2 protein chains.
Amino acid sequence: MMKNDTDKIVTLSKIKVACQSCNLYELCLPLGLHGEDLDQLEKIIKRAHPLKKNESPFQQGDKFQSIYAIRSGSVKTYTIADDGSEQITGFYLPGELVGLDAISDDCHPCTAKALETTSYCEIPYTALEQLSGELPSLRHQLLKIMSKEITHDANLLMLLGKKAADERLASLLLSLSSRLKNRGFSATEFHLSMSRNDIANYLGLAVETVSRLFTRFQDQGLIQVEGKFVQIIKLEELKAMTKECTCENPKMA
Amino acid sequence: MMKNDTDKIVTLSKIKVACQSCNLYELCLPLGLHGEDLDQLEKIIKRAHPLKKNESPFQQGDKFQSIYAIRSGSVKTYTIADDGSEQITGFYLPGELVGLDAISDDCHPCTAKALETTSYCEIPYTALEQLSGELPSLRHQLLKIMSKEITHDANLLMLLGKKAADERLASLLLSLSSRLKNRGFSATEFHLSMSRNDIANYLGLAVETVSRLFTRFQDQGLIQVEGKFVQIIKLEELKAMTKECTCENPKMA
DNA sequence: GACTTTTCTTGATACAGGTCAATGAAAACC
DNA sequence: GGTTTTCATTGACCTGTATCAAGAAAAGTC
């Protein structure tokens, strides 16, 4: 039963999709582009074969060539430290761009790996940077997306720096919920394409803690879990949870 | 004695400095620009009066107008959550750009505050975005700086997600050390312009923990501390500290 | 210079969440 | 279909760091 649901979500895509007809148009790079301009962008975009689960479009240390727009499926990015420990830096959903962190050093600081069957568009960066010189809308949108990535990371910092374990998990669930909603999926029922281990790693927790939290949330009637299938029952309470932090010092200026 | 040292570092700047003669040229936005192009960039840059300690160039929620390049001094950025708790998202040194996270929503998601007397250049964003269309080098450098910000945040995530308290403090000290070095200051002796409280907040720790760590590091002979003045004695050992993480699972693929 | 306020340090105690260990449940593989 | 391997859950225990409390040192203020 879960398998079927996953497939339903995953296999929306056909291999050959133009930006014009892509339902992610509003979320992705081409937002604001039309006619001739959009054609130009499409000309530089390569559409590759979908990735199978666990395949990587690029590895940490690879020379930076392209950024990648997820079309369907999902991807995680992670860095491996010198000591071999892995830190997941993000989960990416359809319409999101992966690889923007490679621009500064011309080399990918993290590895991307498909969490499930995932199709994507490859956008050669040199061409993109050049084209963004000619198309103000594209330039605008690119900078905007990069800025959003910075904001997102800053939020995550807040999360890892200050929040308790339950608030962290709640935040992740809410983030996925709202992003999925924006993409036309249900905000209240969805599949987690990542493992408990991935979630724990991302949130800076132990797997056991994450597992316990899922059952606790369920006991509290906040969510309904069955393996990777999650149903959010009390969205508002989850939201409240991420807000009412333990620390109560409103005097700080 | 500490006051004097601080002043020495802070008051390098004169109010009117053109990018051409600014010693931060290599680190800042104009990198790669010359002659005519550099003139164009300079034309849009405003140079404002220095900020006194605790003054803010912008506040959380302000409409986004400009990004800010620090010329001398230093700045912290922080967000205030709904519950009033504050999370510091970054410390910025000369040559670094503050406010890039505001591009995506056209509104500053954080407040910036001077940690000491700080001079800066204000760069109106609309003009910058437009100009970056005409000047490939500028466009390149802007994207690069934004990408670096993303990478930096990702590192910090790693820090807060996985590392123990002592590794976090070591990382911060090393980050400051190397950034100061790049800016022509000493890598081994410097002032912390931020309070212990700020450090603790940034690293997701309690002030008491930070304080204890400073004394412990000193007892271990790693550093020498006197208030805000820090001298790094064993740079290599500090570096080793940030690498040898507790978790030893090199089997993870 | 005395007074107030803030910042920093140090000690004692408590608890959230990590670690270890064991079992159950899915996937993956042959 | 059974076996192996990976993943998830649950319990018992322990440790690092937060919290509470109190004093010392700086930094502002008059």
Side-chain angles (χ1 to χ4, degrees), chain A residues 1-7 52-54 76 85 115-117 159-169 191-201 203-219 223 225-230 245-249 251-253, chain B residues 1-7 52-54 76 85 115-117 159-170 191-201 203-219 223 225-230 241 245-249 251-253:
Chain A
M1 147 220 174
M2 268 153 29
K3 246 185 266 174
N4 292 336
D5 281 10
T6 311
D7 288 344
K52 291 200 205 68
K53 186 175 172 178
N54 288 328
K76 69 172 171 179
S85 70
L115 291 166
E116 57 194 316
T117 304
L159 196 79
L160 295 181
K162 290 218 116 51
K163 296 197 177 171
D166 51 1
E167 297 172 310
R168 298 188 197 186
L169 184 59
H191 276 273
L192 300 169
S193 54
M194 66 294 287
S195 70
R196 298 286 193 269
N197 231 310
D198 285 343
I199 294 175
N201 185 302
L203 296 177
L205 299 170
V207 204
E208 294 93 328
T209 306
V210 170
S211 190
R212 278 185 251 269
L213 284 172
F214 270 115
T215 49
R216 205 189 84 196
F217 281 5
Q218 179 156 253
D219 292 348
I223 62 174
V225 204
E226 195 182 329
K228 304 209 159 182
F229 182 74
V230 174
C245 188
T246 51
C247 28
E248 308 263 349
N249 44 353
K251 64 172 177 177
M252 299 191 79
Chain B
M1 148 221 175
M2 268 156 28
K3 245 186 264 174
N4 292 336
D5 280 9
T6 311
D7 289 344
K52 290 199 205 69
K53 185 174 172 177
N54 289 327
K76 67 172 171 180
S85 69
L115 291 167
E116 58 194 316
T117 304
L159 196 80
L160 295 180
K162 291 219 116 51
K163 297 198 177 169
D166 51 1
E167 297 171 311
R168 299 189 197 186
L169 184 58
H191 276 273
L192 300 168
S193 55
M194 64 295 283
S195 69
R196 298 287 193 269
N197 231 310
D198 286 341
I199 293 174
N201 185 302
L203 297 177
L205 299 170
V207 203
E208 295 93 327
T209 305
V210 171
S211 189
R212 277 185 252 270
L213 284 172
F214 270 114
T215 50
R216 205 188 86 196
F217 280 6
Q218 179 157 251
D219 292 348
I223 61 173
V225 204
E226 196 182 329
K228 305 210 158 181
F229 183 75
V230 173
M241 193 163 188
C245 189
T246 50
C247 28
E248 309 263 349
N249 43 354
K251 64 171 178 180
M252 299 192 78

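Because only heavy atoms are used, hydrogens play no part in the values below, and waters and symmetry mates are left out as well, while side chains stay in. Residue numbering restarts at 1 for every chain, and letters A, B, ... go by the order of the sequence lines. Since the structure is predicted, the reported quantities are computational estimates derived from the model, not experimental observations.
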Problem set entry | Sugar-phosphate, base or nothing in reach of B/S211, heavy atoms under 4.0 Å | base
Exercise. About how many Å separate CG of B/L213 and CD of B/Q218, when rounded to the nearest 0.5 Å?
Worked result: 13.0 Å
Exercise. Out of curiosity, B/K162 NZ to B/E167 CD, how far, rounded to the nearest 0.5 Å?
Worked result: 11.5 Å
For this session: Please state how far atom CD in B/E116 lies from atom P in D/dA27, giving the value in whole angstrom units.
Result: 14 Å
For this session: Rounding to 10 degrees, work out the angle separating the end axes of the helix from C/dG1-D/dC30 to C/dC30-D/dG1 (five pairs an end).
Result: 60°
For this session: Show your reasoning for whether side-chain contact (heavy atoms from CB on, under 4.5 Å) applies to B/D166 and B/M241.
Result: CA-CA 8 Å; B/D166 51 1; B/M241 193 163 188; 3.4 Å; yes
Exercise. Looking at residues at least two apart in the chain, or sitting in another chain, which of them share a side chain to side chain contact (heavy atoms under 4.5 Å, CB included) with A/L160?
Worked result: A/R168, B/L157, B/L160
For this session: Report the C-alpha distance between B/L203 and B/L159 in whole Å, list the side-chain angles of each, state the deciding distance to 0.1 Å, and finish with yes or no for side-chain contact (heavy atoms from CB on, under 4.5 Å).
Result: CA-CA 8 Å; B/L203 297 177; B/L159 196 80; 3.9 Å; yes
For this session: Drop me the distance from A/R212's CZ to A/L205's CG, to the nearest 0.5 angstrom.
Result: 11.5 Å
For this session: Give a yes or no on whether a donor-acceptor pair under 3.5 Å exists between the nucleobase atoms of C/dC8, that is its base, and the side chain of B/E208.
Result: no
Seminar exercise, completed: Sequence neighbours excluded, the answer for side chain to side chain contact (heavy atoms under 4.5 Å, CB included) partners of A/R196 is A/L192, A/V207, A/V210, A/F214, A/V225
Exercise. Who pairs with A/S195 by side chain to side chain contact (heavy atoms under 4.5 Å, CB included), at least two apart in sequence or on another chain?
Worked result: A/N197, A/D198, A/K228
Problem set entry | For atom CD of B/E226 and atom C1' of D/dA26, their distance in whole Å | 12 Å
For this session: Round to a whole Å and report the spacing from CG of B/L213 to C1' of C/dT9.
Result: 13 Å
Problem set entry | Gap between atoms CZ and P, on B/F214 and D/dA25 respectively (whole Å) | 19 Å
For this session: Report the distance from atom NZ of A/K228 to atom P of D/dT6, rounded to the nearest whole Å.
Result: 15 Å
Exercise. Nearest-Å distance, CG (B/L203) to P (D/dA18)?
Worked result: 10 Å
Exercise. In Å, rounded to the nearest 0.5 Å, how long is the span from OG1 of A/T117 to NZ of A/K52?
Worked result: 8.5 Å
Could you list all N or O pairs between the protein and nucleotides 12-14 of chain D that sit under 3.5 Å apart?
none

All N/O contacts under 3.5 Å from nucleotides 14-17 of chain C to the protein, with atom names and distances to one decimal?
residue	atom	partner	partner atom	Å
C/dG17	OP1	A/A165	N	2.8

Exercise. Whole Å only: how far is the CG atom of B/N54 from the C1' atom of C/dT7?
Worked result: 13 Å
Exercise. So which one's nearest nucleotide on DNA chain D is more toward 5', A/M194 or B/K53?
Worked result: A/M194
Problem set entry | Contact under 4.0 Å: A/T215 side-chain N or O vs D/dT10 OP1/OP2 | yes
For this session: Measure from CG on A/N197 to P on D/dT5 and round the result to the nearest Å.
Result: 18 Å
